[in-house]
Novice: 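Let me give you the structure first, and then I'll get to my questions.
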Number of protein chains: 2
Amino acid sequence: MAMAMAHQHRESSSDSINRHLDAGKYVRYTGEQVEALERVYAECPKPSSLRRQQLIRDCPILSNIEPKQINVWFQNRRCQEKQRKEASRLQTVNRKMTVMNKLLMEENDRLQKQVSQLVCENGFMRQQLHTVC
Amino acid sequence: MAMAMAHQHRESSSDSINRHLDAGKYVRYTGEQVEALERVYAECPKPSSLRRQQLIRDCPILSNIEPKQINVWFQNRRCQEKQRKEASRLQTVNRKMTVMNKLLMEENDRLQKQVSQLVCENGFMRQQLHTVC
DNA sequence: CCCTAATGAGGCGTAATGAG
DNA sequence: CTCATTACGCCTCATTAGGG
């Protein structure tokens with residue numbers, strides 16, 4: 001019945017490569033492509049349009065990507081870095097604060113004890129002065 | 001049973017039918033649409049596929065959106081909330097830590113002064129005891 | 001630039017199916 | 001029957017891409 005039909009093989013003719021070749025708009029770039037782009041990004045996160053065109057020319061791996069897409073890639077890449085950087089900044093600040101907090105509490109404790117000690121000695125001496133006079 | 005339903009729906013509205021419908025690709029949903037979706041989201045961030053279909057039926061504003069798109073909307077919405085929540089959590093923790101830190105430093109300061117004071121008194125009395133004996 | 005819609009990859013749970 | 005496999009649906013996550 002319907003259940004049996006359901007398990008017939010569905011025509012999955014959408015290989016990622018075919019998708020790219022026909023009218024499919026959305027493509028994942030290959031590991032190599034991303035790697036190449038990342039290498040450029042590391043040196044220059046904001047390449048000029050000239051630089052981008054050069055990139056496409058020199059790098060055969062990227063030749064099937066449109067200049068506009070390259071531009072979008074860099075925009076998205078910058079955005080991503082910004083977000084990650086902010087997140088990790090907050091994390092770092094957080095960690096440091098935690099450590100600082102701990103140290104302060106320890107110091108606080110130490111001072112508390114010191115105060116008690118001194119107060120104690122103080123009282124003792126005060127008493128001795130009284131008995132002497 | 002739920003599976004069977006899902007498959008039936010899959011069969012009835014086959015891929016080929018959907019193809020030409022998503023010819024006009026990327027659309028921003030209107031304020032009203034988003035508002036309606038948000039209202040549902042507030043109560044149920046993860047509606048079942050049945051619930052989503054209901055939603056489309058009851059809500060004329062959403063009738064021109066495909067079930068799949070509704071699903072995508074909820075997925076993206078959940079993702080967004082998660083990110084925002086995490087970010088604001090970190091901010092909050094940070095603020096609290098800052099306050100805590102400040103208080104601790106003040107307390108520390110106070111204790112420092114108290115210690116100096118006590119040490120001073122202490123030295124003085126020690127001297128007095130010496131002169132007396 | 002920013003926000004967000006759309007897509008692909010990969011993981012998880014489970015119903016269907018086949019082998020023993 | 002049980003156990004392993006597998007195909008499917010749904011989810012998250014990261015990524016690509018469209019428009020304001």
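All values below were derived from every heavy atom in this structure, side-chain atoms included, with hydrogens, water molecules and symmetry-related copies excluded. Below, chains carry the letters A, B, ... as their sequence lines are ordered, and counting in each starts from 1.
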Novice: Please report, rounded to the nearest Å, how far the C1' atom of dA5(C) is from the CZ atom of R78(B).
Specialist: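 Rounding to the nearest Å, CZ of R78(B) and C1' of dA5(C) are 15 Å apart.
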Novice: Is R84(B) salt-bridged to E81(B), going by a charged N under 4.0 Å from an acidic O?
Specialist: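 No.
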Novice: If you count the non-hydrogen atoms of other residues, nucleotides and ligands that lie under 6.0 Å from CE in M125(A), is the total more than 12?
Specialist: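 Result for CE/M125(A): enclosed.
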Novice: So what does the secondary structure string of DNA chain C come out as, 5' to 3', with Watson-Crick or wobble pairs under 3.5 angstrom, [ ] for crossing and | for pairs with another strand?
Specialist: ||||||||||||||||||||
Novice: Are there over 12 heavy-atom neighbours, none belonging to Q127(B), within less than 6.0 Å of that residue's CD?
Specialist: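 12 or below, so no.
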Novice: Name the atoms and distances for all side-chain donor-acceptor pairs under 3.5 Å in residues 31-39 of chain A, with sequence neighbours left out.
Specialist:
{"unit_1": "Q33(A)", "atom_1": "OE1", "unit_2": "T30(A)", "atom_2": "N", "d": "2.9"}
{"unit_1": "Q33(A)", "atom_1": "NE2", "unit_2": "I61(A)", "atom_2": "O", "d": "3.1"}
{"unit_1": "Q33(A)", "atom_1": "NE2", "unit_2": "N64(A)", "atom_2": "OD1", "d": "3.1"}
{"unit_1": "E38(A)", "atom_1": "OE1", "unit_2": "R77(A)", "atom_2": "NE", "d": "3.1"}
{"unit_1": "E38(A)", "atom_1": "OE1", "unit_2": "R77(A)", "atom_2": "NH2", "d": "3.2"}
{"unit_1": "E38(A)", "atom_1": "OE2", "unit_2": "R77(A)", "atom_2": "NE", "d": "2.8"}

Novice: What is the distance, rounded to the nearest whole Å, between atom CD1 of I70(B) and atom P of dT4(C)?
Specialist: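 Interatomic distance, CD1 of I70(B) to P of dT4(C): 16 Å.
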Novice: Which residue pairs pass the salt bridge (Lys or Arg N to Asp or Glu O under 4.0 Å) test with at least one member in residues 110-123 of chain B, sequence neighbours excluded?
Specialist: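 Passing the test, one end in residues 110-123 of chain B: R126(A)-E121(B), E107(B)-R110(B), D109(B)-K113(B).
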Novice: How does the hydrophobic cluster around V93(A) look, that is, which other residues are in it when side-chain heavy atoms under 4.5 Å mark a link?
Specialist: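 Result for V93(A) is M97(A), V93(B), M97(B).
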Novice: According to side chain to side chain contact (heavy atoms under 4.5 Å, CB included), who are the partners of V115(B), at least two apart in sequence or on a separate chain?
Specialist: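 Partners of V115(B) by the side chain to side chain contact (heavy atoms under 4.5 Å, CB included) criterion, ordered by chain and then number, come out as L111(A), Q114(A), V115(A), L118(A), V119(B).
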Novice: Within the 4.0 Å limit for protein heavy atoms, which parts of nucleotides 13-20 of chain D are touched? Write it as a string from 5' to 3', B for base, S for sugar-phosphate only, - for none.
Specialist: SBBBBBS-
Novice: Whole angstroms only, please: what is the CG-C1' distance between L37(B) and dT4(C)?
Specialist: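 That distance rounds to 13 Å.
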Novice: Within a 6.0 Å radius of atom CD on E43(A), are there more than 12 heavy atoms belonging to other residues, nucleotides or ligands?
Specialist: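 No, CD of E43(A) has 12 or fewer neighbouring heavy atoms, counting only those of other groups under 6.0 Å.
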